[in-house]
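Here's the structure we're looking at; comments come further down.
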Amino acid sequence: MWPDRRIIDLFKTEFPIVLAPMAGGMDAELVIAAAQGGALGSLPCAMITAEKAREQVNIIRQRVKAPVNMNFFCHKPVDADPAREAGWKTRLGAYYRELGIDPAAPVSAASRAPFDEAMCEVVEELKPEVVSFHFGLPDPALVKRVKAAGSIVMSSATIVKEAIWLEEHGADVIIAQGAEAGGHRGMFLTDNIAQQPGTFALVPQVVDAVKVPVIAAGGIADGRGIAAAFALGASGVQIGSAYLRCPESKVIGPVRTALAQAHDDSTVITNVMSGRPARGVANRVMREVGPISPDAPAFPHAATALAPLKAAAEKLGKVDFTNLWAGQAVRMGREMPAAELTRSLAGAALARFGALSG
């Protein structure tokens with residue numbers, strides 16, 4: 001038996017496991033597979049249009065009778081700074097020359113839009129069981145509308161202060177995102193990467209500070225990690241990196257290879273890929289320009305100049321400029337169908353609980 005059933009009862013899932021939303025690395029297929037295994041599937045909506053989000057949720061609804069989580073960014077947009085972007089392109093100039101790309105050729109702006117009126121209307125129409133946010137919460141009026149649509153509101157905290165703020169501003173569930181976690185840090189009340197606590201330190205302090213259920217995230221990739229999260233007071237876990245090598249993920253071949261070859265010390269927190277701190281397996285541009293560079297334009301504009309480099313390198317089978325977002329437990333990922341992986345994770349956790357109480 002699960003020692004805490006609050007998340008199972010709230011989400012109405014078989015297991016207290018949330019598939020992390022991994023923008024760019026997944027779509028409805030992975031959501032469906034994880035949901036079939038008993039987890040809460042999360043659809044990343046930060047890089048897609050309202051129309052695409054609607055289409056994806058409809059695909060999920062047609063394939064599986066399970067709750068769904070729509071995930072959004074809610075960062076404060078920063079206008080592009082032409083001078084800074086030009087400087088960034090100059091900083092990357094050697095790579096443009098190496099790959100034979102004209103740095104003056106027009107490129108599309110990075111598409112990572114915060115939750116807005118249009119997306120709120122999609123939520124009101126589709127009524128997902130859960131709506132999760134990254135980088136805080138959107139405008140209070142939008143949060144109110146999401147709740148009125150019947151959706152449970154969830155968001156990430158990277159420090160206790162953020163968790164308290166989220167609870168005070170309407171979050172029904174808090175994801176305690178330890179420093180081990182892959183992808184973008186959910187930081188919104190701090191910008192100090194050096195002070196980000198790890199999962200083991202963060203989870204119990206967040207649990208003590210708030211009344212709402214807490215989901216642990218960061219470095220959890222097997223039954224032992226899940227059991228540890230519950231021992232720390234979490235009511236559930238969010239797992240991302242462990243699913244990246246599942247056949248249903250949209251990760252391309254060279255990225256799968258890089259993830260499979262990663263070690264416990266292969267990931268770093270970098271700002272060069274997007275302009276905002278995020279953890280991923282170190283690639284060439286992270287190592288040579290970063291991992292943290294003062295030259296990187298503000299989020300999400302750093303990604304604009306990298307886009308042509310990423311496309312050209314990937315054609316050569318290289319991931320020198322590709323986001324390899326993953327957490328510190330990436331090596332523990334497995335190549336198996338997501339539904340099977342979910343059941344395996346839950347079974348291993350339950351066995352661990354039994355062994356510990358025996």
Side-chain angles (χ1 to χ4, degrees), residues 7-8 10-48 52-61 63-74 112 115 119 122-123 126-135 137-138 146 149 151-157 166 171-177 181-186 213-218 220-221 226 229 234-244 246 248-251 278 325-327 333 338-339 341-342 345-346:
I7 287 297
I8 292 174
L10 188 61
F11 293 165
K12 297 180 173 54
T13 52
E14 186 179 354
F15 304 128
I17 296 173
V18 178
L19 165 69
M22 297 176 284
M26 59 170 288
D27 63 5
E29 288 301 313
L30 189 57
V31 175
I32 291 162
Q36 287 170 336
L40 175 68
S42 305
L43 180 71
C45 300
M47 294 172 66
I48 59 177
K52 185 71 172 176
R54 184 181 290 108
E55 172 196 295
Q56 290 275 294
V57 172
N58 286 334
I59 290 169
I60 296 163
R61 295 288 197 212
R63 294 266 306 277
V64 65
K65 285 184 165 43
V68 64
N69 168 34
M70 294 180 75
N71 172 260
F72 302 94
F73 287 173
C74 52
R112 289 173 181 82
F115 187 71
M119 282 298 199
V122 173
V123 166
L126 299 175
K127 296 181 166 43
E129 287 75 9
V130 184
V131 173
S132 65
F133 295 103
H134 213 50
F135 312 131
L137 288 169
V146 169
S151 301
I152 295 160
V153 171
M154 181 162 74
S155 188
S156 300
L166 289 172
D172 302 303
V173 178
I174 289 162
I175 299 164
Q177 189 195 29
H184 283 97
R185 305 297 304 145
V214 175
I215 290 174
I220 302 166
I226 295 170
S235 303
V237 295
Q238 179 170 279
I239 299 176
S241 302
Y243 285 92
L244 284 170
C246 292
E248 299 90 351
S249 92
K250 290 294 175 275
V251 171
W325 296 151
L341 175 59
T342 304
L345 290 167

Please determine whether side chain to side chain contact (heavy atoms under 4.5 Å, CB included) holds for the pair L30 and M22, giving the CA-CA distance in whole Å, both sets of side-chain angles, and the decisive distance to 0.1 Å.
CA-CA 10 Å; L30 189 57; M22 297 176 284; 4.1 Å; yes
Does a side-chain heavy-atom distance below 4.5 Å link [X] with [Y]?
X	Y	result
I215	F11	yes
L19	M26	yes
I239	I226	yes
F115	L137	no
F73	M47	no
P213	M154	no
M70	V122	yes
V130	P67	no

Closest approach of [X] to [Y] (non-hydrogen atoms, all atoms of both residues):
X	Y	answer
A20	G240	CB-CA, 3.6 Å
S132	N71	OG-ND2, 2.9 Å
V131	P128	CG2-CG, 3.6 Å
G37	T342	O-CG2, 3.6 Å
F135	R185	CE2-O, 3.0 Å
A28	I59	CB-CG2, 4.1 Å

Spacing of [atom1] belonging to [X] relative to [atom2] belonging to [Y], to within rounding of 0.5 Å:
X	Y	atom1	atom2	value
I60	L43	CD1	CG	4.5 Å
S155	I175	OG	CD1	7.0 Å
L40	I7	CG	CD1	9.0 Å
I8	T13	CD1	OG1	6.0 Å

Pairs involving residues 29-46, ordered by first then second residue, that meet side chain to side chain donor-acceptor pair (under 3.5 Å) (sequence neighbours left out)
E29-R63, S42-N69
Would the distance check show the side chain of [X] and the main-chain N or O of [Y] forming a donor-acceptor pair, the cut-off being under 3.5 Å?
X	Y	answer
S241	G327	yes
Q177	S156	no
E248	A338	yes
R54	L126	no

Where do R61 and V57 land on the side chain to side chain contact (heavy atoms under 4.5 Å, CB included) test, with the steps shown first?
CA-CA 6 Å; R61 295 288 197 212; V57 172; 4.1 Å; yes
Pairing of K65 and E129 as salt bridge, 4.0 angstrom limit
no
Under the rule for side-chain hydrogen bond (donor to acceptor under 3.5 Å, both in side chains), what residues qualify as partners of S249, not counting sequence neighbours?
R256
Of all pairs that satisfy salt bridge (charged side-chain N to carboxylate O under 4.0 Å, His left out), the ones with a partner from residues 36-48, not counting sequence neighbours:
none
